[in-house]
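Scope of the values below: all heavy atoms of this structure, side chains included, with no hydrogens, waters or symmetry mates. This chain uses plain numbering: 1 for the first residue, then up along the sequence.
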Amino acid sequence: MLQQSTLQFFRDLKENNNKLWFDENREAYEAFRNDYFSLADQLAEKMAIYDTTLEGLTHRDTTFRIYKDVRFSNNKEPYKTQIGIVLKAGGRKRPFGAYYLHIEPNMCHVGGGLWMPESHILFKVRKEIQYFFDEFSNIIESATFKNLFGGFEDIKGQKLSRPPKGYEADDPAIEYLKFKSLIVSKPIPDSIMTSDKLVPEVIETFKILQPLIGFINRGILNEEYDHFKNI
């Protein structure tokens with residue numbers, strides 16, 4: 001669980017996103033960071049029981065800095081007012097499917113998948129979906145998966161209007177092959193985020209997501225697909 005003070009820190013930061021306020025509230029930030037790291041370590045340790053590719057991960061592999069890179073942004077506010085925990089094989093910087101918990105007051109959610117992969121990674125995942133579409137369908141069409149997540153999020157700019165190059169419009173998998181990101185999620189109320197129910201609920205959600213993550217990562221690791229395209 002998260003402490004109530006962690007979500008309150010983000011509420012306050014959103015209203016006071018400047019260095020002076022942040023420096024004056026350094027103690028609150030340290031408490032937030034410790035709480036954030038503790039939750040990340042708990043989730044990594046517990047989920048590694050079910051997904052051994054996560055073994056050995058700590059908060060150093062799964063969390064983010066609160067400081068924004070504003071060099072190329074019109075928004076010069078220096079701090080993030082939301083943050084996440086990413087569990088993926090080898091750590092958050094690796095190009096694999098991920099389990100994800102988003103922390104933001106009134107907008108917390110849990111889910112995962114594959115977010116904005118590089119072109120050669122997306123190429124391999126599309127091949128995996130095309131070649132093993134029945135298996136893919138069984139995962140995402142299962143009652144448990146659909147009841148929890150519905151379907152993939154049609155995020156603006158993350159789905160093509162036409163088939164990607166090399167695929168036919170009548171391909172049975174074409175609607176999924178159009179996606180440039182494969183993301184599912186479900187909301188979590190703030191009341192759950194700050195209760196003992198949080199970790200069990202997140203882990204149960206991740207377990208339902210695990211077959212999809214495994215499917216995605218199998219495609220990424222398949223070296224045979226490298227022969228289809230110069231990557």
Side-chain angles (χ1 to χ4, degrees), residues 10 36 39-40 43-44 47-48 50-51 53-54 57-69 72-73 75 80-104 107-130 132 136 139-140 145-146 148-161 164-165 167 173-188 193 202-203 205-222 225 229 231:
F10 273 131
Y36 174 45
L39 177 60
L43 294 177
M47 193 57 201
Y50 307 101
D51 185 340
T53 68
L54 305 178
L57 295 182
T58 73
H59 63 266
R60 294 179 180 83
D61 310 300
T62 64
T63 59
F64 299 86
R65 287 164 50 86
I66 200 169
Y67 307 98
K68 290 169 55 180
D69 183 352
F72 308 107
S73 174
N75 183 345
K80 300 171 185 174
T81 56
Q82 48 77 29
I83 211 155
I85 296 170
V86 174
L87 306 184
K88 64 166 68 174
R92 63 179 177 81
K93 294 183 179 181
R94 299 290 291 161
F96 297 119
Y99 308 91
Y100 180 69
L101 176 65
H102 183 81
I103 303 169
E104 181 178 8
M107 297 185 69
C108 297
H109 55 267
V110 59
L114 187 66
W115 172 247
M116 295 182 65
E118 294 184 10
S119 60
H120 67 287
I121 297 296
L122 181 59
F123 176 86
K124 297 176 80 170
V125 174
R126 281 174 172 161
K127 285 296 181 187
E128 191 75 4
I129 293 173
Q130 183 186 41
F132 301 98
F136 180 75
I139 293 170
I140 64 172
F145 190 95
K146 290 191 72 173
L148 190 64
F149 298 120
F152 291 111
E153 297 182 12
D154 191 359
I155 304 166
K156 185 177 181 179
Q158 289 300 303
K159 188 176 182 182
L160 301 172
S161 58
K165 184 178 180 180
Y167 295 95
I174 196 61
E175 288 307 310
Y176 299 104
L177 299 174
K178 290 179 181 179
F179 281 103
K180 295 189 286 183
S181 291
L182 295 168
I183 298 295
V184 295
S185 70
K186 70 158 199 169
I188 301 184
M193 294 293 294
V202 170
I203 294 300
T205 303
F206 285 171
K207 286 166 63 177
I208 292 169
L209 187 60
Q210 184 180 357
L212 176 64
I213 299 298
F215 182 94
I216 289 170
N217 289 346
R218 189 180 73 193
I220 293 171
L221 292 169
N222 191 335
Y225 296 151
K229 187 176 183 180
I231 62 173

Measure across [X] and [Y] and return the closest heavy-atom pair with its distance rounded to 0.1 Å.
X: A40; Y: H59; value: CB-CB, 4.1 Å
X: I203; Y: L43; value: CD1-O, 3.9 Å
X: I139; Y: F145; value: O-CB, 3.4 Å
X: F64; Y: Y36; value: N-OH, 2.9 Å

Might you work through the ring pair (Phe, Tyr, Trp, His ring centres under 6.0 Å) test for F179 and F152, ending with a clear yes or no? CA-CA 9 Å; F179 281 103; F152 291 111; 5.8 Å; yes

Name all pairs fulfilling the salt bridge (Lys or Arg N to Asp or Glu O under 4.0 Å) condition that reach into residues 211-220, sequence neighbours left out, sorted by first residue then second.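 Output for this query lists E128-R218, E135-R218.
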
[atom1]-[atom2] distance between [X] and [Y], expressed to the nearest 0.5 angstrom:
X: I140; Y: I129; atom1: CD1; atom2: CD1; answer: 8.0 Å
X: N217; Y: L114; atom1: CG; atom2: CG; answer: 8.0 Å
X: K124; Y: I220; atom1: NZ; atom2: CD1; answer: 8.0 Å

Can you sort out the partners of [X] under side chain to side chain contact (heavy atoms under 4.5 Å, CB included), two or more places apart, ordered by chain and number?
X: L148; value: K186, T205, I208
X: E104; value: Q82, H102, M107
X: D61; value: L57, T58
X: D154; value: K159

[X]: which residues meet the side chain to side chain donor-acceptor pair (under 3.5 Å) condition with it, sequence neighbours left out?
X: T81; result: none
X: D51; result: T53, Y99
X: K80; result: none
X: D69; result: R71

Do [X] and [Y] come within less than 4.5 Å of each other through their side chains, counting heavy atoms only?
X: F132; Y: F215; result: yes
X: P164; Y: I174; result: yes
X: L182; Y: L212; result: no

Cationic tip of K207 above Y50 ring, under 6.0 Å, 45° of axis: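 Yes, cation above the ring, under 6.0 Å and within 45°.
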
Which pairs of donor and acceptor atoms, one on a side chain in residues 86-93, lie under 3.5 Å apart (sequence neighbours left out)?
from: K88; atom 1: NZ; to: R92; atom 2: O; distance (Å): 3.4
from: K88; atom 1: NZ; to: R94; atom 2: O; distance (Å): 2.8
from: K88; atom 1: NZ; to: F96; atom 2: O; distance (Å): 3.3
from: R92; atom 1: NE; to: T63; atom 2: O; distance (Å): 2.6

Partners meeting salt bridge (charged side-chain N to carboxylate O under 4.0 Å, His left out) with K127 (sequence neighbours left out):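 Salt bridge (charged side-chain N to carboxylate O under 4.0 Å, His left out) check on K127 returns nothing, list empty.
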
Residues in salt bridge (charged side-chain N to carboxylate O under 4.0 Å, His left out) with K68, at least two apart?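 Residues passing salt bridge (charged side-chain N to carboxylate O under 4.0 Å, His left out) with K68: none at all.
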
Check whether Y100 reaches the backbone of S185 with its side chain - one donor and one acceptor, N or O, closer than 3.5 Å.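 Side chain of Y100 to backbone of S185, a donor-acceptor pair under 3.5 Å: no, none is there.
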
